[in-house]
K.L.:
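Right, I'll just put the structure down here and ask away after.
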Amino acid sequence: MNITTQPVSERIGQQIVNVDNTSIWEIDRETIISLYQEYGVLLLRGFATDADIFREFSNLFSTDFLDYAGGAFNRRVINGDNTLLSVNDFQTEIKLHGEMYYQKNIPLMLWFFCANPASKDGETTVCDGRQFFAELSNSTKELFRHKKLKFTAKMQKEEWQKKYKTDDVNELEEMCKSNDTHLTIYEDQSIILEYLCPVVIPSRCGKYQVFINSLLPAMQLNPDVLKFDDDSKISNELMDELNEIAERLTTNISWQKGDILMIDNTRIMHGRRAFTDKNREIYIRLCSPGF
């Protein structure tokens, strides 16, 4: 088997690169698991892959695949599998975030597959939330120790039915309850959702603090949904600090056709650079590690 391993960048991740037409099925399973656990970002490049191989390969390492019910964006189902999805349906920049950190039940692990890279731009961005926390000012660390984020979303009946993939109010109530989300239902079946979450979480091993959340893209795309839990506003000065750190620590992953990317969603934030090529096709699976 002829492969090489090397860092994704000087600050984050590892990649396994095929240098001699090795089959992806020949890679040692324990090597993949070990690199993923150590680095949190693992890129597999140069292997003969397609959407079906991607699905079968990710099945070997993962469990509890999600269908993105309650997700913030529109995503297309790929090849009839509601756990194999397109990324969101617009082309603007998405700032660094943890996937679905606007609810309690998050996917612990993410898989991405490049079916077709953009001809220019459209890189996926990654950043280690442990490094991000270390760069915060002491005053900001102290602020985040005492305040949580409060997401508030108002939706008409048709909106929540599409978002939560159900037209049953009782089922919606159960979903919200399981996600620690406060739900208010009005006579016309419009709703208001409120969810509180920390900005910083302990790492799964308990040794580190990790800045991982949906703060940056929420303030970028829809700032009206977000305040602190005491209803105080999130200041421009704070956002300037966070955006400066994010840009300084971000690594761009320039996609190649057939690439497979594994991300630890309890540690690594991801995002995307803007692009214009409508043929860009990146797929995603949301799950938990099966090891």
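Since the model is a prediction, treat every value here as computed from it, not as a measurement. Position 1 is the first residue of the sequence, and the numbers go up from there.
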K.L.:
Are any side-chain N or O atoms of Asp229 and backbone N or O atoms of Lys148, one a donor and one an acceptor, separated by less than 3.5 Å?
P.N.:
yes

K.L.:
When you measure from the centre of the six-membered ring of Phe90, is the NZ or CZ of Arg272 closer than 6.0 Å and no more than 45° off the axis?
P.N.:
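Here Arg272 passes the 6.0 Å and 45° test against Phe90.
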
K.L.:
Has Tyr102 got a side-chain atom pairing as donor or acceptor with Ala72's backbone, closer than 3.5 angstrom?
P.N.:
yes

K.L.:
Membership question, hydrophobic clusters at under 4.5 Å side-chain separation (ILVMFWY): are Tyr101 and Ile234 in the same one?
P.N.:
yes

K.L.:
Does a side chain donor of either Asp230 or Ser232 reach within less than 3.5 Å of an acceptor in the other side chain?
P.N.:
yes

K.L.:
Could you pull out the closest heavy-atom pair between Pro217 and Ile94, with the gap in Å?
P.N.:
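The pair with the smallest heavy-atom distance is CB-CG2, 4.4 Å.
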
K.L.:
Return yes if some donor-acceptor pair links the side-chain N/O of Arg248 with the main-chain N/O of Glu135 below 3.5 Å, else return no.
P.N.:
no

K.L.:
Establish whether Val77 and Ile282 are linked, either directly or via other cluster members, by ILVMFWY side-chain heavy-atom contacts under 4.5 Å.
P.N.:
yes

K.L.:
Could you check whether Asp128 pairs with Arg267 (Lys NZ or Arg NE/NH1/NH2 to Asp/Glu carboxylate O, under 4.0 Å)?
P.N.:
yes

K.L.:
So which atom in Ala274 and which in Asp121 form the shortest heavy-atom distance, rounded to 0.1 Å?
P.N.:
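Residues Ala274 and Asp121, closest heavy atoms: O-CB, 3.2 Å.
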
K.L.:
Does the pair Gln91 and Lys278 meet the rule for a side chain to side chain contact (heavy atoms under 4.5 Å, CB included), with working shown?
P.N.:
CA-CA 8 Å; Gln91 299 172 333; Lys278 295 180 179 179; 3.4 Å; yes

K.L.:
Should the pair Arg145-Glu142 be classified as a salt bridge under the 4.0 Å nitrogen-to-oxygen rule?
P.N.:
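Looking at Glu142 together with Arg145, the answer is yes, because their closest N to O distance falls below 4.0 Å.
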
K.L.:
Which heavy-atom pair separates Phe47 from Ile27 by the least distance, and what is that distance?
P.N.:
CZ-CD1, 3.4 Å

K.L.:
Between Lys120 and Asp277, is the closest basic N to carboxylate O distance under 4.0 Å?
P.N.:
no

K.L.:
Between Ile78 and Ser86, what is the shortest heavy-atom contact and its length?
P.N.:
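Nearest heavy atoms, Ile78 then Ser86: CG1-N, 3.9 Å.
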
K.L.:
Find out whether Phe144 and Phe211 are in side-chain contact, i.e. whether some heavy atom of one side chain is under 4.5 Å from a heavy atom of the other.
P.N.:
yes

K.L.:
Are any side-chain N or O atoms of Asn213 and backbone N or O atoms of Leu215, one a donor and one an acceptor, separated by less than 3.5 Å?
P.N.:
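Such a contact is found between Asn213 side chain and Leu215 backbone.
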
K.L.:
Without hydrogens or angle criteria, can the side chains of Arg55 and Asn79 be said to hold a donor-acceptor pair below 3.5 Å?
P.N.:
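Checked: Arg55/Asn79 side chains show no N/O donor-acceptor pair below 3.5 Å.
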
K.L.:
If only atom types and distance count, is the side chain of Gln131 paired as donor or acceptor with the main-chain N or O of Ile12 below 3.5 Å?
P.N.:
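Judged by distance alone, no pair lies under 3.5 Å.
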
K.L.:
Going through the distances and angles, do Arg280 and Val87 end up as a side chain to side chain contact (heavy atoms under 4.5 Å, CB included)?
P.N.:
CA-CA 10 Å; Arg280 181 186 188 268; Val87 293; 3.9 Å; yes

K.L.:
Determine whether a donor-acceptor pair (N or O, by modelled atom type, separation under 3.5 Å) exists between the side chain of Lys163 and the backbone of Gly71.
P.N.:
yes

K.L.:
So which of Ser58, Ser288, Ser62 actually passes side chain to side chain contact (heavy atoms under 4.5 Å, CB included) with Met109?
P.N.:
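It is Ser62; the other options fail the test.
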
K.L.:
Side chain of Gln15, backbone of Pro7: donor and acceptor closer than 3.5 Å?
P.N.:
yes

K.L.:
Once you measure the plane-to-plane angle for Tyr36 and Phe291, does it fall in the parallel (<30°), tilted (30-60°) or perpendicular (>60°) bin?
P.N.:
perpendicular

K.L.:
Test of understanding: clusters of I, L, V, M, F, W, Y form through side-chain heavy atoms closer than 4.5 Å, transitively. Do Ile16 and Val8 belong to the same one?
P.N.:
no

K.L.:
Does Lys165 have more than 12 heavy atoms from other residues, nucleotides or ligands lying within 6.0 Å of its NZ?
P.N.:
yes

K.L.:
Under 3.5 Å, is there a donor-acceptor pair between the side chain of Asn252 and the main chain of Glu123?
P.N.:
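Between the backbone of Glu123 and the side chain of Asn252 there is no qualifying donor-acceptor contact (under 3.5 Å).
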
K.L.:
Does Asn82 offer a backbone N or O that forms a donor-acceptor pair with the side chain of Asp67 under 3.5 Å?
P.N.:
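Such a contact is absent between Asp67 side chain and Asn82 backbone.
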
K.L.:
Tabulate below the donor-acceptor pairs under 3.5 Å that side-chain atoms of residues 194-203 make, not counting sequence neighbours, or state none.
P.N.:
residue : atom : partner : partner atom : Å
Tyr195  : OH   : Gln103  : O            : 3.4
Tyr195  : OH   : Lys104  : N            : 3.3
Ser203  : OG   : Gly206  : N            : 3.3
Ser203  : OG   : Lys207  : N            : 3.3
Ser203  : OG   : Tyr208  : N            : 3.1

K.L.:
If I compare all heavy atoms of Lys157 with all of Asp188, which pair ends up nearest, and what's the gap?
P.N.:
CB-O, 4.2 Å

K.L.:
Side-chain donor-acceptor pair under 3.5 Å between Thr22 and Asp20, yes or no?
P.N.:
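No, no side-chain donor-acceptor pair sits under 3.5 Å.
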
K.L.:
Could you point out which residue of Leu35, Asp264, Leu261 forms a side chain to side chain contact (heavy atoms under 4.5 Å, CB included) with Leu42?
P.N.:
Leu35

K.L.:
Quick one: which residue pairs count as a ring-ring contact (aromatic ring centres under 6.0 Å, His included) with a foot in residues 252-289, not counting sequence neighbours?
P.N.:
His97-His270, Phe112-His270

K.L.:
Do the side chains of Trp111 and Leu108 join up, straight or via other hydrophobic residues, at under 4.5 Å, putting them in one cluster?
P.N.:
no

K.L.:
Between Asp81 and Arg285, is there a side-chain N and carboxylate O pair less than 4.0 Å apart?
P.N.:
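Salt bridge between Asp81 and Arg285, a charged N being under 4.0 Å from a carboxylate O: yes.
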
K.L.:
Give the ring-plane orientation class for Phe54 versus Phe113, where under 30° counts as parallel, over 60° as perpendicular and anything between as tilted.
P.N.:
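The rings of Phe54 and Phe113 lie parallel, inter-plane angle below 30°.
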
K.L.:
Determine whether Glu241 and Leu136 satisfy the following criterion, side chain to side chain contact (heavy atoms under 4.5 Å, CB included), listing intermediate values before the conclusion.
P.N.:
CA-CA 8 Å; Glu241 177 186 349; Leu136 295 173; 4.2 Å; yes

K.L.:
Do Leu60 and Ile260 land in one hydrophobic cluster if side-chain heavy atoms of ILVMFWY residues count as linked below 4.5 Å?
P.N.:
yes

K.L.:
Measure the shortest side-chain to side-chain distance between Leu193 and Thr152 over non-hydrogen atoms and say whether it is less than 4.5 angstrom.
P.N.:
no

K.L.:
Mind listing the closest non-hydrogen atom pair of Asn265 and Pro107 along with its distance?
P.N.:
ND2-O, 2.7 Å

K.L.:
May I ask you to decide if Gln161's main-chain N or O and Asp167's side chain share a donor-acceptor pair within less than 3.5 Å?
P.N.:
no

